Novice: 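Here it is, the structure in full.
Computed from a predicted model, the values in this text were never measured in an experiment.
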Number of protein chains: 4
Amino acid sequence: MKKNKPKYMQIIDAAVVVIAENGYHQAQVSKIAKQAGVADGTIYLYFKNKEDILISLFQEKMGTFVEKIQQKIAGKESAVEKLLMMVKLHFQLLSEDHHLAIVTQLELRQSNKDLRLKINDVLKNYLQVVDQILLEGKEKGEFSPELDIRLARQMIFGTMDETITSWVMNEQRYDLPSLAPSVHQLLISGCGYKS
Amino acid sequence: MKKNKPKYMQIIDAAVVVIAENGYHQAQVSKIAKQAGVADGTIYLYFKNKEDILISLFQEKMGTFVEKIQQKIAGKESAVEKLLMMVKLHFQLLSEDHHLAIVTQLELRQSNKDLRLKINDVLKNYLQVVDQILLEGKEKGEFSPELDIRLARQMIFGTMDETITSWVMNEQRYDLPSLAPSVHQLLISGCGYKS
Amino acid sequence: MKKNKPKYMQIIDAAVVVIAENGYHQAQVSKIAKQAGVADGTIYLYFKNKEDILISLFQEKMGTFVEKIQQKIAGKESAVEKLLMMVKLHFQLLSEDHHLAIVTQLELRQSNKDLRLKINDVLKNYLQVVDQILLEGKEKGEFSPELDIRLARQMIFGTMDETITSWVMNEQRYDLPSLAPSVHQLLISGCGYKS
Amino acid sequence: MKKNKPKYMQIIDAAVVVIAENGYHQAQVSKIAKQAGVADGTIYLYFKNKEDILISLFQEKMGTFVEKIQQKIAGKESAVEKLLMMVKLHFQLLSEDHHLAIVTQLELRQSNKDLRLKINDVLKNYLQVVDQILLEGKEKGEFSPELDIRLARQMIFGTMDETITSWVMNEQRYDLPSLAPSVHQLLISGCGYKS
DNA sequence: CATGAATGAGTCTTCATTCAT
DNA sequence: CATGAATGAAGACTCATTCAT
């Protein structure tokens with residue numbers, strides 16, 4: 001298992017730092033190696049090529065992300081509560097790792113279409129978590145019975161994404177997690193929840 | 001005025017075609033020149049550099065975009081109706097120009113941070129249109145008095161953006177404009193409108 | 001036509017010099033460009049890639065080679081005389097261009113199998129010239145009627161090649177063309193000619 | 001003595017297989033180590049560097065080669081018979097070891113000039129065997145008294161080499177040893193033998 | 001003796017931009 | 001105004017060799 005090798009995560013963490021501080025197009029392999037404290041060639045003992053570093057970065061970081069969210073919302077009774085927990089956690093996790101926020105919201109989007117398609121694959125797990133919540137909300141009568149799951153999901157992702165990106169582009173000058181309740185309110189109202 | 005020179009728009013239109021068909025990173029200046037039917041050097045008589053082509057592209061196309069939307073919503077009485085018209089028109093205009101849809105939703109996002117910041121400047125006009133609608137909605141009592149304008153705007157842009165991007169990534173296989181009413185419903189509900 | 005562009009031949013001639021003086025593996029594109037007096041990028045206006053330079057080099061130089069030989073032997077009456085002229089000319093042409101001799105006999109053989117296969121294609125014309133002479137010799141009764149054309153051709157090429165390579169590896173310290181009559185005598189005797 | 005260590009030959013044999021099956025430029029030290037069933041570092045306990053493997057390979061294989069030929073021709077009375085035996089044996093030995101044929105005729109020629117010079121040193125023993133035969137042939141009156149030993153030797157090596165290389169490049173599709181008598185006939189005729 | 005993880009030097013190619021005509 | 005030939009900087013990846021265990 002790759003993850004057990006210490007240098008694997010060491011290189012991924014270095015990549016996050018380098019990309020966040022230099023930008024996607026200025027994140028040369030040699031710079032990542034230097035930041036990780038290894039030789040250039042060592043990178044290629046753990047990753048097939050540069051793209052593989054970026055995909056792995058996304059998988060590792062987003063994997064953790066989705067796992068944490070799934071754990072936390074498991075205990076919540078209602079879809080509305082689950083959604084609140086999800087938005088809170090999502091905002092909080094990115095808020096706690098400014099480098100990661102920059103990388104996922106701004107830099108990694110400059111990658112080419114191939115890489116973006118692979119990134120989308122990684123996101124499918126997250127997508128299913130949201131769909132699950134929406135379905136539960138409809139079944140329990142919290143949300144409108146006419147709610148279109150796909151469109152609602154796109155609203156949720158789109159809104160969170162836009163909110164976070166704005167925050168990052170404003171150089172994270174205000175507190176993101178404290179926006180979670182308001183954003184949550186917008187989303188559940190959109191889903192037809194009567195508060 | 002640049003716009004009066006026929007080759008100016010000729011080059012911009014060529015850029016849209018070339019980027020849509022080849023992708024952002026395969027859209028070399030020489031390819032755009034060839035598509036436009038001019039010499040490589042001629043490009044630099046009308047544009048400062050390659051970035052300038054892309055910014056101008058966005059300005060011209062989005063300028064038209066916002067103008068058309070402003071004209072159309074001027075006649076509408078309520079904020080709810082204006083928002084519906086806006087979503088409809090936005091979806092319709094991109095639906096009618098598949099190349100432009102690909103370029104704005106997928107390809108231009110691969111540009112670097114600097115260019116994206118300049119693109120955001122261009123979007124500020126659109127942003128003000130939305131803010132205007134939201135303000136009117138609050139004043140007229142259509143929307144919740146507690147509505148946070150900035151967050152609501154981010155929801156609107158984020159939701160429309162995510163919806164359109166999904167449609168483009170699905171290779172425009174379904175009819176986008178027909179989704180407008182449902183998306184509109186999500187948005188106004190989110191804004192606190194009681195239907 | 002490529003050949004009309006002066007820089008095309010300029011680059012090929014530079015490649016011969018650089019390869020002869022530095023060896024195949026030390027003949028970087030930048031070195032060839034410098035020798036040719038052009039920028040690195042200019043190379044790629046005339047050649048697809050580095051391999052293309054080498055193939056073109058062989059085609060141009062060997063093309064001239066075979067043409068000159070064909071012209072000269074056209075006037076000869078007998079196969080024996082034609083063969084003599086061919087050996088003489090072959091030795092003389094390489095003797096006059098020491099750089100080319102090094103490149104074709106030593107350096108270009110270090111190329112990979114793909115390139116060597118393409119080089120062999122170029123040599124097929126030469127091969128046909130030899131086969132023609134051998135056929136004529138058999139028909140006119142100069143050579144043995146049992147002569148195996150393919151083996152005889154391999155003897156002729158193999159012997160000339162080995163002779164020239166030895167001369168090159170001995171740093172061209174003796175006069176090669178003066179060996180032509182003796183080599184010719186070996187070859188026609190091998191073909192069954194009774195002198 | 002190196003040869004007594006079992007891993008020494010094990011590595012050389014592995015090198016022959018790896019080079020024959022992957023080509024000279026794809027024969028990495030790690031691949032040879034894997035094929036030999038040892039660790040990369042172990043190679044360097046038996047060989048100074050990669051070049052040393054190749055030279056040793058040539059020495060071991062060609063040493064055997066020349067020894068076998070010397071044994072076999074010792075019993076022959078005439079130079080003509082000795083030459084026939086030599087050609088036969090040379091063709092037969094390579095015909096029996098397809099991997100070795102590929103390595104010596106095609107792959108090892110891609111090595112750089114230095115290595116090729118060292119390979120030539122190894123060949124000097126073989127060269128002396130041929131010179132011996134030619135001298136004997138001249139003394140016994142089998143061959144022409146005017147025969148130039150050096151050129152004749154180059155004819156013999158050149159012709160055999162070209163014949164074998166053609167056979168290898170034609171993927172060994174025909175029977176090489178059966179060509180020996182015809183090739184022998186060409187060579188002794190070239191040397192002035194009257195049959 | 002044997003291992004194998006780690007090292008780090010070296011090069012082809014692209015393409016935005018210029019400028020002489 | 002228009003041309004298009006020429007420029008030249010910049011970076012991912014391989015693999016022979018070492019050395020701590």
Novice: Identify whether the distance between the nearest side-chain nitrogen and carboxylate oxygen of A:Lys118 and A:Asp121 falls below 4.0 Å.
Specialist: no

Novice: For residues B:Ile19 and B:Glu107, report the shortest heavy-atom separation together with the two atoms involved.
Specialist: CG2-CB, 3.4 Å

Novice: Distance check needed: E:dC12 C1' versus C:Lys48 NZ, whole Å only.
Specialist: 14 Å

Novice: Provide, to the nearest angstrom, the distance between the NZ atom belonging to B:Lys50 and the P atom belonging to E:dC15.
Specialist: 8 Å

Novice: Any residue in residues 17-39 of chain A with a heavy atom nearer than 4.0 angstrom to DNA chain F? Just list them by number, or reply none.
Specialist: A:Gln28, A:Val29

Novice: Starting from the 5' end of DNA chain F, give me the residue, B:Lys7 or A:Tyr44, whose nearest nucleotide shows up first.
Specialist: B:Lys7

Novice: Name the first nucleotide and the last nucleotide along DNA chain F (5' to 3') that come under 4.0 Å of a heavy atom in chain B.
Specialist: F:dC1 to F:dG4

Novice: Roughly how many Å is it from CG in D:Asp40 to P in E:dT7, rounded to a whole number?
Specialist: 16 Å

Novice: Test of understanding: with ring-ring contact (aromatic ring centres under 6.0 Å, His included), list the residues that count as partners of C:Tyr44, not counting sequence neighbours.
Specialist: none

Novice: Any side-chain heavy atom of B:Tyr8 sitting closer than 4.5 Å to one from B:Ser56?
Specialist: yes

Novice: Please compare D:Asn49 and A:Gly41 by the position of their nearest nucleotide in DNA chain F and report the one closer to 5'.
Specialist: A:Gly41

Novice: Taking all non-hydrogen atoms of both residues, which atom of C:Gln26 and which atom of C:Asn22 are closest, and how far apart?
Specialist: CB-O, 3.2 Å

Novice: Does any non-hydrogen side-chain atom of C:Tyr24 lie less than 4.5 Å from one of C:Leu54?
Specialist: yes

Novice: Where do D:Ser30 and D:Asp40 come nearest, in terms of heavy atoms and distance?
Specialist: CB-OD2, 3.4 Å

Novice: What is the minimum heavy-atom distance between B:Ala14 and B:Ile32, and which atoms define it?
Specialist: CB-O, 3.7 Å

Novice: side-chain hydrogen bond (donor to acceptor under 3.5 Å, both in side chains) with A:Asp13: which of A:Gln35, A:His99, A:Lys61?
Specialist: A:Lys61

Novice: Not counting sequence neighbours, which residues clear side-chain contact (heavy atoms from CB on, under 4.5 Å) with B:Val66? List them please.
Specialist: B:Gln70, B:Asn125, B:Tyr126, B:Val129

Novice: In dot-bracket notation, what is the pairing pattern of DNA chain F, taking Watson-Crick (N1-N3 plus N6-O4 or O6-N4) and G-U wobble (N1-O2 and O6-N3) contacts under 3.5 Å, with [ ] crossing and | for other strands?
Specialist: .||||||||||||||||||||

Novice: Under the ring-ring contact (aromatic ring centres under 6.0 Å, His included) test, which residues partner B:His25, sequence neighbours left out?
Specialist: A:His25

